[in-house]
2 protein chains.
Amino acid sequence: MRGLMQEWSLTVDRIIDHAARWDGKREVVTRALSGEIVRTDYAAMRERARRLSAALAARGIGRGDRVATMGWNSFRHVEAWFAIMGMGAVCHTLNPRLFREQIVYIANHAEDHAIIVDPCFQDLLADMLPALPRLGAIIVMGEASEVARDRLPGAVDYESVIAENHPEAAWGGFDEETACALCYTSGTTGNPKGVLYTHRSNVIHTLMTLQPDVFGLSIADVVMPIVPMYHANGWGLPLSAPAVGCKLVLPGSRLDGASLHDLCEREDVTFAAAVPTVWQALLQHLDDTGGRLTTLRRVLVGGAACPESIIRRLRDHGVESKQGWGMTETSPIGSHSKLLPEIAALPFDDQVPWRLKQGRPPFGVDLKIVDDTGNRQPHDGAALGRLHVKGPTVASAYLGGTPGDILDREGFFDTGDIADIDAEGYMRIADRAKDVIKSGGEWISSIEIENIALGHPKVALCAVIAIPDPKWDERPLLVVQLRDGETATASEMLGTLEGRIAKWWMPEGVVFVPEMPLGATGKIDKKRLRERFPAAF
Amino acid sequence: MRGLMQEWSLTVDRIIDHAARWDGKREVVTRALSGEIVRTDYAAMRERARRLSAALAARGIGRGDRVATMGWNSFRHVEAWFAIMGMGAVCHTLNPRLFREQIVYIANHAEDHAIIVDPCFQDLLADMLPALPRLGAIIVMGEASEVARDRLPGAVDYESVIAENHPEAAWGGFDEETACALCYTSGTTGNPKGVLYTHRSNVIHTLMTLQPDVFGLSIADVVMPIVPMYHANGWGLPLSAPAVGCKLVLPGSRLDGASLHDLCEREDVTFAAAVPTVWQALLQHLDDTGGRLTTLRRVLVGGAACPESIIRRLRDHGVESKQGWGMTETSPIGSHSKLLPEIAALPFDDQVPWRLKQGRPPFGVDLKIVDDTGNRQPHDGAALGRLHVKGPTVASAYLGGTPGDILDREGFFDTGDIADIDAEGYMRIADRAKDVIKSGGEWISSIEIENIALGHPKVALCAVIAIPDPKWDERPLLVVQLRDGETATASEMLGTLEGRIAKWWMPEGVVFVPEMPLGATGKIDKKRLRERFPAAF
């Protein structure tokens, strides 16, 4: 028996429609590339997004066509998202921080037909252009004077395009399973893979994020997404903020502590989201200047495990931090570290173990940890397993794949992470599956050992990798890059670990290297380390 | 181009699955009919719900079959909701406060095949039973000793049913457009009409309610739905609370001020939802006893316009109240009176005009006001129009109808209310369409005049109705029931209105009646008044 409720497809155009209609005058503030503060509102943005849709349609872009964006967080970039998605095209956020060869691979694999690009990335685009044969229209997010016409022949400026088009292109009205956005994972193994979000998944994700235990966004908030829009669906914030109609602050390219602090104070930011290094820089700036955060109340920390020092220092500034875990494949919210009431009732120091974990899944996400044969592991905070995730906002295949081809028989996606889950339901990422050390049928977390070793004052960088072992299959090896001018012995390093990890986790040896090999995203390239050190000695 | 996200149907069974899995030990507290406090948790409730599904399946209930419930808010009633919906049957909440003839009409119209009933309603059910030929299984929400076997032959007790069945019946796995719940509107005109919710609409409604500006539920909350589960989908709370996994407090049949205050304090309730008269009773109890509310922080007031005195007195107790407007046809959330930041920044007295309105629509609901020919009216806080509503949680037809047959050409449902919407987007219900007075092409709100007249100390009840007028089409007539022992003149009554309403709104006359005719739900029956007073004099 079918129910009798209205047909109303969950499509992203409705979010900006709602914001424009009910919160049309709510401010959207951008720090432009010039440093200048630019103000607009949701009503104007919707009007301009619709004009941009018309401009794209006039350039031959239709439903399902991929349109790339490469830019910092700005009102134009948010308009472009809605323009592309609202007309039924697919918004492909390119990450300008990748190697050029990777960007070229990704843009070609995605079959991008047009690109909307920040003026500051025109040189980068011009260099890649010969390798991007499919790319047609180039729209530069600025005024006519900002277009590098010599290097990008045929490029047009965003403001002329907006001025010349009328908001009459097709808008909304398609099936909610229609693709709306594309974001590539920059995994360290293999080629980047494209995650193809649907309108449905993005709208459900938006609703999931609003609840108090996730982002908790209210009309009373002033929201600043510091995390770039090209990073894992922009953590959903460019959709979540207009869904509640709250003021939105977009920091552009200036993500240093001083600039962010200035924006927070100037625009009364109450909620912000960023990776740990951004918070580190902001806190350092506050330390250096004696600055205060007078309006910021809640921050989301994601993208990497949040160090305890950041949680404590933010708290000293009256800011409640919460970790969020997720990945491009999960839209990205997979878990959040909101404290259960019985944990929140403990003294702060006793809360820390849970604040350091990646947290619990909101309704709409299910998690499981399984061993190599797929058996679920207990939620005891000790048993490690491969973390799998399931839900309407989780990928079922990569671009070019067949729906379901990356799911297990229960319909879960394997994250490639190794995690444990405690009795309170808090998940903790212990390692990447490819980095975990499998010793005597048990798993050793490389990250846990690294975190302890990193606490040694002489250590600049370190990595724990697996080396083959005839008896135990694999054993850990600690690779260390000392700080400039320091010297140390292997036993000194191992002494740091003594008593803080299980005996059988103790590395078989320590290797000192002058410089760690780093990958495209700045992370230590453990694959190259494993090639260099196939054995302990 | 279709996106590549997981198929994951939005079905209600997943809510209790999630709660049981991630918040299984979270308490659900019920005040039993006996007054005793009974404790369970989400894990136990899911297990028992699945056993009840099996029991219903064993009694021939299958997908799409209607199963009635008639009971107060209790853990068993919540279990029954999930049991019925989780197996793909349709949960039909019967309102025991209606006239018996209405309940019989509704149960037969719905084709209820089974009923799950509170012990206290067994006599009522027994009286109606001869008129309910389709009704098969009767399950009494209690122990064996509580079943009135003499009056309800064949009735079984809930606890034996749970004990005798295994949790192995089909559960979930159906299309999200499947009907899951049925709730009748008790309109004062015509027969009651059935609203048939889908799993999809209920899950989307759940996600919509969680956001801070609507219910704002967090794991840290203790939620008490005082509004009965048979009232407009229980305002969604029996689904919203387990979706965040927070503690749930169910007050049973005792909705008096003393009992509710006791529960609030005993169980640390932080959020509660009820109609204004409940808050009135609770506040009176606090006044009488000098009682305090030490944990309650936020309440939702709905079902009728909230008087200013309640808002102010709750605030004196440290409780922030928010109005919610909705109806059975809207799941029910249609709007909420969350203050915009610029209004919240005003002194409290200046906020009151907005606090008294029914509020703004959350994302997922669109509102419009139109004149009799369907033209949209301005949002200026003055122009009245018929309120129409649209969204995935709004009805498209009543049971027995064809999808869309109650929608206008833009896909909106006509609420039958007359409202205005101000420049800030706040909607105010001015009248029911059938009660508004149409005078010289303009509309006069009967409710607005009544509210002023009610402020006169001699007035017990009053109603403004339309009387025919050869020149103006209709003119208002004020009908007054004075308090016992009081006398008053027409000009005294009209004098109260002087200067507080537009001149052309002034009633043509005043009629004093010894007793107002009341309808089934306790509201003044204006239809009968109009029959009695077809003209002013």
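Values below: every heavy atom of this structure, side chains too, minus hydrogens, waters and symmetry copies. Lettering follows sequence order; numbering is per chain, from 1.
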Which atoms of B:Leu217 are under 4.5 Å from chain A, going by heavy atoms: the side chain, the backbone, both sets, or neither? backbone

Where does B:Ile406 contact chain A at under 4.5 Å (heavy atoms): side chain, backbone, both or neither? neither

Non-hydrogen atoms of chain A under 4.5 Å away: do they reach the side chain of B:Ser201, the backbone, both or neither? side chain

Basic-acidic side-chain contact under 4.0 Å: B:Asp23, A:Arg360: yes

B:Ala397, part contacting chain A, at a heavy-atom distance under 4.5 Å: both

Sidechain N-carboxylate O distance under 4.0 Å for B:Lys368, B:Asp408: yes

Answer yes if the side chains of B:Asp213 and A:Ser218 hold a donor-acceptor pair under 3.5 Å, and no otherwise. yes

Given A:Thr198, A:Thr393, A:Leu207, A:Val394, the one with more heavy-atom pairs under 4.5 angstrom with chain B than any other is A:Val394

A:Glu320/A:Arg355 salt bridge by N-O under 4.0 Å criterion: yes

Below 4.5 Å from any heavy atom of chain B, which atoms of A:Asp175 appear? Answer side chain, backbone, both or neither. side chain

Ranking A:Gln211, A:Glu329, A:Arg200, A:Glu342 by heavy-atom pairs under 4.5 Å to chain B gives rank one to A:Arg200

Is A:Pro362 in contact with chain B via its backbone, its side chain, both, or neither, using a 4.5 Å heavy-atom distance? backbone

So which of B:Val365, B:Asp17, B:Leu407, B:Thr402 has the largest heavy-atom pair count under 4.5 angstrom toward chain A? B:Leu407

Option in B:Pro242, B:Pro212, B:Gly64 with maximal non-hydrogen atom pairs under 4.5 Å from chain A: B:Pro212

With a 4.5 angstrom heavy-atom cut-off, could you sort out which part of B:Lys247 is near chain A: side chain, backbone, both or neither? neither

Flag for A:Thr209-A:Ser240: side-chain donor and acceptor within less than 3.5 Å: yes

Contact part of A:Ala395 toward chain B, heavy-atom cut-off under 4.5 Å: side chain, backbone, both or neither? both

Considering only heavy atoms, which portion of B:Val214 lies under 4.5 Å from any heavy atom of chain A: side chain, backbone, both, or neither? neither

Heavy-atom distances under 4.5 Å only: say whether B:His379 touches chain A with side chain, backbone, both or neither. side chain

Does B:Gly425 offer a backbone N or O that forms a donor-acceptor pair with the side chain of B:Asp422 under 3.5 Å? yes

Parallel, tilted or perpendicular: rings of A:Phe363 and B:His18 (30°, 60°): perpendicular

Determine the option with the most heavy-atom pairs under 4.5 angstrom with chain B, choosing from A:Val244, A:Val222, A:Leu210. A:Leu210

Given heavy-atom pairs under 4.5 angstrom as the criterion, report whether the side chain, backbone, both or neither of B:Ser9 touches chain A. backbone

Here the pair of heavy atoms bringing B:Trp8 nearest to B:Glu176 is O-OE1, 4.3 Å

Can you name the nearest heavy-atom pair linking A:His199 to A:Met85, along with the distance? CE1-O, 3.2 Å

If you count heavy-atom pairs within less than 4.5 Å of chain B, which of A:Gly404, A:Gly364, A:Gly401 leads? A:Gly364

Quick check: closest heavy atoms across A:Leu399 and A:Ala110, and the distance to 0.1 Å? CD2-CA, 4.0 Å

With chain B, which of A:Arg63, A:Arg21, A:Lys25, A:Glu424 has the greatest number of heavy-atom pairs at distances under 4.5 Å? A:Arg21

Measure A:Leu339 against the heavy atoms of chain B and call it side chain, backbone, both or neither at under 4.5 Å. backbone

Heaviest contributor of heavy-atom pairs below 4.5 Å to chain B, chosen from A:Ile204, A:Leu367, A:Asp221, is A:Leu367

Between A:Cys246 and A:Ile219, which heavy-atom pair has the shortest distance, and what is it? CB-O, 3.8 Å

Looking only at B:Ala243, B:Ala181, B:Gly194, the option with the highest number of non-hydrogen pairs under 4.5 Å against chain A is B:Ala243

Counting heavy-atom pairs closer than 4.5 Å to chain A, which one of B:Arg26, B:Lys338, B:Met208 comes out on top? B:Arg26

Can a salt bridge be assigned to the pair A:Glu410 and A:Arg376 using a cut-off of 4.0 Å between side-chain N and carboxylate O? yes

Is there a donor-acceptor contact under 3.5 Å linking the side chains of B:His92 and B:Tyr184? no

Engaged part of B:Tyr398 at the chain A interface, taking heavy atoms whose separation is under 4.5 Å: backbone

Examine whether an atom of A:Lys390 lies under 4.5 Å from a heavy atom of chain B, and if so say whether it belongs to the side chain, the backbone or both; otherwise answer neither. both

Can you confirm whether A:Glu7 is buried at CD, in the sense that more than 12 heavy atoms of other residues, nucleotides or ligands lie under 6.0 Å from that atom? no

Options B:Pro403, B:Gly411, B:Gly216, B:Pro361, ranked by heavy-atom pairs under 4.5 Å with chain A, top entry: B:Pro361

Could you check whether any side-chain heavy atom of B:Phe215 comes within less than 4.5 Å of a side-chain heavy atom of B:Ile333, counting everything from C-beta outward? yes

